[in-house]
Amino acid sequence: MQIHSRISELRSALINRGRVVFVPTMGNLHAGHISLMSQARAHGDTVVASIFVNRLQFGPHEDFDNYPRTFQADCDKLAAAGVDVLFAPTEADLYPEAQEYVVEPPAIQHELDGEFRPGHFRGVATVVLKLFNIVQPQAALFGKKDYQQLMVIRNMARQLALPIDILGGATVRAEDGLALSSRNGYLTPEQRSEAPRLYRELNKIRDAIRSGATDLAALERAAIASLSEAGWQTDYVAVRQQSDLSMPKDLTAPMLALAASRLGKTRLIDNIEI
Ligand code: PAF
């Protein structure tokens, strides 16, 4: 696997490499990321991954400084997964000057996760567009665990006519249902055994809707109450339309139950398709 940190070197390395499929990450890779790398292989000739912890998408009191950085272990995993090229820029490579031109996503950036993480989706969209311009892939893969992020990027690509297929990869879960996430490493052993409750609550919502429940607000409230009883602090539990994450108008259309909740200091997010 080639590793490049400089934009110009990466561009030279990607000349005449056929269809390039790109998987951007912030490192601290787990089986969810590796499954995206395997899917990428099936979609093109050259698989490019990136590792960059993007300061722009973290709020002032979030975990940018403590975000786990495990570069050597990540390189070993990517090489074993058959990734061809890794782009691992430093901050000075990617942001040599203050990033004043940014991508401002529409109203959805202020809802759900955006309500609790102001500026997050602006930071994500900006770095992803910049990475797209550097790598110039024909396709790019993002995990469905960050469903709102996937939607923001898909809409950006469509509205800005980027010639890139945006593909979503299924959430990978531990045996007890917990969605794999780089932040799971923050959990104490007790919190780790409590953590699958989030997925169980989403499953309850899905099962209730499948059995005919129509009062979505009541289902959301019940999930928040049950999490709260178990010591969680919930930002939101919401049932939305899959197509655009708006409030469901037609309960027969594909929906999504999404949640973000804190166990101690660790904020976990998850979602389930209905
Ligand atoms: O999902 C992530 O890891 C990040 O938000 C991304 C897409 C790599 C942008 O920094």
Side-chain angles (χ1 to χ4, degrees), residues 5 7 10 20-37 39-40 47-59 62-71 73-75 77-78 81 83 85-91 93-95 99 102-105 108-109 112-114 116-135 137 139-157 160 162 164-172 179-186 258 260 266-271:
S5 57
I7 295 173
L10 180 84
V20 171
V21 187
F22 179 41
V23 187
T25 80
M26 297 204 301
N28 194 232
L29 304 178
H30 50 66
H33 295 108
I34 300 308
S35 125
L36 293 179
M37 305 299 159
Q39 288 174 63
V47 176
V48 179
S50 67
I51 296 179
F52 180 69
V53 185
N54 173 39
R55 186 186 290 275
L56 291 191
Q57 70 191 70
F58 287 80
E62 292 185 352
D63 54 347
F64 174 78
D65 289 330
N66 300 328
Y67 198 83
R69 288 155 173 92
T70 51
F71 187 68
D74 290 346
C75 288
K77 288 179 189 167
L78 292 174
V83 167
V85 178
L86 170 63
F87 179 48
T90 64
E91 277 207 279
D93 291 311
L94 208 61
Y95 299 131
Q99 185 70 35
V102 295
V103 179
E104 198 66 58
I108 186 68
Q109 72 157 319
L112 300 167
D113 245 44
F116 298 91
R117 303 190 69 190
H120 172 67
F121 289 111
R122 180 195 308 124
V124 168
T126 301
V127 80
V128 168
L129 182 62
K130 191 158 185 172
L131 290 167
F132 282 172
N133 285 332
I134 294 165
V135 176
L141 268 134
F142 297 84
K144 284 190 185 176
K145 186 176 84 70
D146 297 301
Y147 201 96
Q148 193 176 2
Q149 165 173 283
L150 172 63
M151 209 198 67
V152 165
I153 292 167
R154 192 169 264 153
N155 291 349
M156 172 180 80
L160 298 180
L162 305 182
I164 305 171
D165 297 329
I166 306 297
L167 308 168
T171 301
V172 177
L180 298 192
S181 160
S182 300
R183 291 188 168 99
N184 292 350
Y186 297 151
L258 314 91
T266 306
R267 184 174 189 272
L268 299 177
I269 64 169
D270 202 352
N271 67 76

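Keep in mind that this is a model prediction, so the values were computed, not measured. Order of listing sets the numbers, starting from 1, for every ligand and every atom in it. Reckoned from all heavy atoms, side chains included, excluding hydrogens, waters and symmetry mates.
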- Query: In terms of atom number and element, which parts of ligand 1 are under 4.0 angstrom from non-hydrogen atoms of Q57?
  - Reply: 4 (C), 5 (O), 9 (C), 10 (O)
- Message: Quick check: do V83 and V48 have side-chain heavy atoms less than 4.5 Å from each other?
- Response: no
- Numbering the atoms of ligand 1 from 1, which are under 4.0 Å from a heavy atom of V127? 9 (C), 10 (O)
- Task: State whether a side-chain donor-acceptor pair under 3.5 Å links Y67 with N54.
- Result: no
- Message: Suppose I only count heavy atoms of T25 and a 4.0 Å limit; which atoms of ligand 1 are within that range?
- Response: 8 (C)
- Message: On the six-membered ring of F64, is R69 placed so that its NZ or CZ lies under 6.0 angstrom from the centre and within 45° of the ring axis?
- Response: yes
- Polar contact flag, side-chain donor to acceptor under 3.5 angstrom, D63-Y186: yes
- Numbered in order shown, the ligand 1 atoms found under 4.0 Å of a heavy atom of Q149 are 1 (O), 2 (C), 4 (C), 5 (O), 7 (C)
